[in-house]
Amino acid sequence: MKIGVIGGGQLGRMLALAGTPLGMNFAFLDPAPDACAAALGEHLRADYGDQDHLRQLADEVDLVTFEFESVPAETVAFLSQFVPVYPSAEALRIARDRLFEKSMFRDLGIPTPAFADVLSQADLDAAVARIGLPAVLKTRTLGYDGKGQKVLRQLEDVTGAFAELGSVPLLLEGFVPFTGEVSLVTVRGRDGEVACYPLVHNTHESGILRLSVASSNHPLQALAEDYARRVLEQLDYVGVLAFEFFEVEGGLKANEIAPRVHNSGHWTIEGAECSQFENHLRAVAGLPLGSTAKVGESAMVNFIGSVPPVAAVTALEDCHLHHYGKAFKAGRKVGHATLRSADAATLQTRIAALEALIQD
Ligand code: AMP
């Protein structure tokens with residue numbers, strides 16, 4: 001089976017690493033000459049709106065999937081005429097727009113921060129009057145790794161903030177005084193079968209994920225899965241869908257969903273019986289899902305800007321390096337490592353040993 005992937009970054013690369021043993025081949029559509037997934041499949045180097053290349057991709061593959069959510073809606077609509085596309089155009093439409101996803105959470109009874117649609121500075125002033133400060137102002141689309149957002153703490157921060165974020169459609173959210181950030185990576189098959197990985201605790205630095213630790217018997221696991229199932233059913237979703245939640249006193253507030261494999265699920269490559277990458281491929285290909293159970297304790301440390309010396313990382317016990325083969329650049333995700341151990345205390349020691357190797 002040949003899988004077409006829109007985007008050829010590290011997520012595409014890890015999909016191919018998981019799918020190759022299943023007998024799958026891959027073609028990646030990505031305009032970047034140095035797309036790092038190209039090492040593992042055919043690279044169609046073209047813009048996402050290039051209909052000639054989209055048609056070529058559709059002709060060559062059995063189905064198409066995505067490794068990022070900002071794919072233009074027209075691209076998805078065009079491809080869907082010729083080849084099955086998972087997840088669906090409708091799921092992508094909702095997930096890439098913060099207003100649509102938060103409205104969906106609200107309609108499904110899933111707690112989410114107070115929010116307001118902002119199309120002008122006047123809208124922003126009215127939204128601040130309603131929601132109060134502090135609040136977080138975000139672009140509705142194309143935001144990632146904390147880009148395209150600003151925390152508004154006092155009234156002076158509100159003045160001119162609409163223009164500061166580019167005078168594009170925005171969303172104002174009430175600031176959530178969370179006690180932690182957790183994510184739930186879920187997968188739904190073509191036949192409606194659902195599986196969920198254990199909740200993961202995430203730590204960010206400058207808006208970028210730095211550390212994910214998989215939990216054991218998290219008290220909010222069942223609640224998170226209940227919320228997730230509502231969304232998966234609503235969207236008739238196929239593939240991996242990741243949920244980011246704020247942990248608050250006694251519960252969860254949904255922040256966002258990502259309609260793809262997710263950075264906070266990378267630990268599953270070595271830390272779960274079947275990885276998020278393999279499960280995404282199983283789901284879109286109509287195969288039975290694999291077990292999402294953990295094997296021991298696991299954490300993932302992201303390498304941002306540069307990868308520490310390979311010899312030093314690989315010298316650590318039960319430490320699994322993933323070097324994406326990308327040029328090093330400040331703020332760029334260029335690799336990660338999964339750490340495993342039999343118990344939580346040893347895992348913390350291993351995380352500290354790995355973090356000591358990180359220069360930046
Ligand atoms: P996002 O791009 O929505 O995932 O936001 C990036 C990070 O900003 C989150 O992981 C949180 O640490 C923080 N953040 C986003 N929205 C809020 C909010 N409404 N209240 C508090 N912190 C937030």
Side-chain angles (χ1 to χ4, degrees), residues 11 68-70 92 94-106 110-118 123-124 127-154 157-158 161 164-166 168-186 199-213 215 220 224 227-228 231 240-267 299-302 304 331-333 336:
L11 301 181
F68 70 110
E69 57 268 45
S70 305
L92 284 176
I94 305 273
R96 74 165 149 250
D97 187 313
R98 294 184 192 274
L99 174 65
F100 298 160
E101 66 186 356
K102 290 226 157 53
S103 304
M104 178 182 63
F105 295 149
R106 186 192 53 203
I110 300 169
T112 193
F115 63 94
D117 192 13
V118 171
D123 280 357
L124 177 59
V128 168
R130 181 165 75 78
I131 290 175
L133 295 178
V136 188
L137 188 61
K138 304 178 176 181
T139 55
R140 273 176 51 182
T141 60
L142 301 174
Y144 68 99
D145 287 348
K147 292 186 177 66
Q149 56 180 275
K150 183 179 179 189
V151 179
L152 308 179
R153 297 189 188 281
Q154 48 216 8
D157 300 337
V158 180
E164 228 177 286
L165 284 188
V168 293
L170 303 174
L171 196 75
L172 184 74
E173 288 178 19
F175 187 89
V176 179
F178 56 77
T179 53
E181 294 190 78
V182 292
S183 57
L184 185 77
V185 175
T186 69
L199 275 169
V200 173
H201 284 278
N202 297 315
T203 309
H204 298 86
E205 253 175 50
S206 311
I208 306 180
L209 182 66
R210 189 91 215 195
L211 171 69
S212 290
V213 182
S215 65
L220 296 172
Y227 294 157
V231 172
V240 163
L241 181 64
F243 292 75
E244 292 185 30
F245 293 105
F246 298 127
E247 226 179 323
V248 291
E249 195 68 36
L252 296 169
K253 278 187 198 279
N255 176 26
E256 61 180 352
I257 51 175
R260 53 174 168 78
V261 286
H262 195 253
N263 197 169
S264 70
H266 290 0
W267 66 274
M300 183 228 51
V301 175
N302 258 351
I304 298 156
R332 194 177 205 201
K333 292 173 180 171
H336 76 265

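All values derive from a computational prediction rather than experimental measurement. Counting starts at 1 for both ligands and their atoms, following the listed order.
Taking a cut-off of under 4.0 Å to the non-hydrogen atoms of Asn255, the atoms of ligand 1 that pass are 1 (P), 3 (O), 4 (O). Every atom of ligand 1 is numbered from 1 in the order shown, and the set under 4.0 Å from a heavy atom of Glu181 is 9 (C), 10 (O), 11 (C), 12 (O). Near His204, with a cut-off below 4.0 Å to any heavy atom, the atoms of ligand 1 are 10 (O). Within the listing of ligand 1, atoms 1 (P), 2 (O), 3 (O) sit less than 4.0 angstrom from a heavy atom of Arg98. Every atom of ligand 1 with a heavy atom of Glu244 under 4.0 Å away is listed here by number and element: 4 (O). Near Phe178, with a cut-off below 4.0 Å to any heavy atom, the atoms of ligand 1 are 12 (O), 21 (C), 22 (N). Ligand-side atoms of ligand 1 in range of Glu173: 16 (N), 18 (C), 19 (N), range being under 4.0 angstrom from any heavy atom.
Counting heavy atoms from C-beta outward, Glu247 and Leu252 have side chains that approach closer than 4.5 Å. The shortest side-chain heavy-atom distance between Gln149 and Arg98 falls under the 4.5 Å cut-off.
Between Met104 and the choices Ile110, Thr112, Ile257, the side-chain contact (heavy atoms from CB on, under 4.5 Å) rule is met once, by Ile257.
For ligand 1, the polar-atom distance check finds no N/O of Phe175 at less than 3.5 Å from any of the ligand's N/O atoms. By the 3.5 Å distance cut-off applied to N or O atoms, Gly174 is counted among the residues near ligand 1.
With rounding to the nearest 0.5 angstrom, the CD atom of Glu69 is 13.5 Å from the CD1 atom of Ile94. Leu133 CG to Leu172 CG: the interatomic distance, rounded to the nearest 0.5 Å, is 8.0 Å.
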Verdict with reasoning, Thr141 to Asp97, per side chain to side chain donor-acceptor pair (under 3.5 Å): CA-CA 5 Å; Thr141 60; Asp97 187 313; over 6 Å; no
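Contacts with ligand 1 closer than 4.0 Å are made by side-chain heavy atoms of Val136 only, the backbone lying farther away. Residue Asn202 does not touch ligand 1, judged by heavy-atom distances below 4.0 Å.
The local environment of CD in Gln154 is crowded, with over 12 non-hydrogen atoms from other residues, nucleotides or ligands closer than 6.0 Å.
Considering only non-hydrogen atoms, atom 20 (N) of ligand 1 lies nearest to Val176 out of Thr203, Ile131, Val176.
With Phe68 as the aromatic partner, Arg96 does not meet the cation-pi criteria of under 6.0 angstrom to the ring centre and within 45 degrees of the ring axis.
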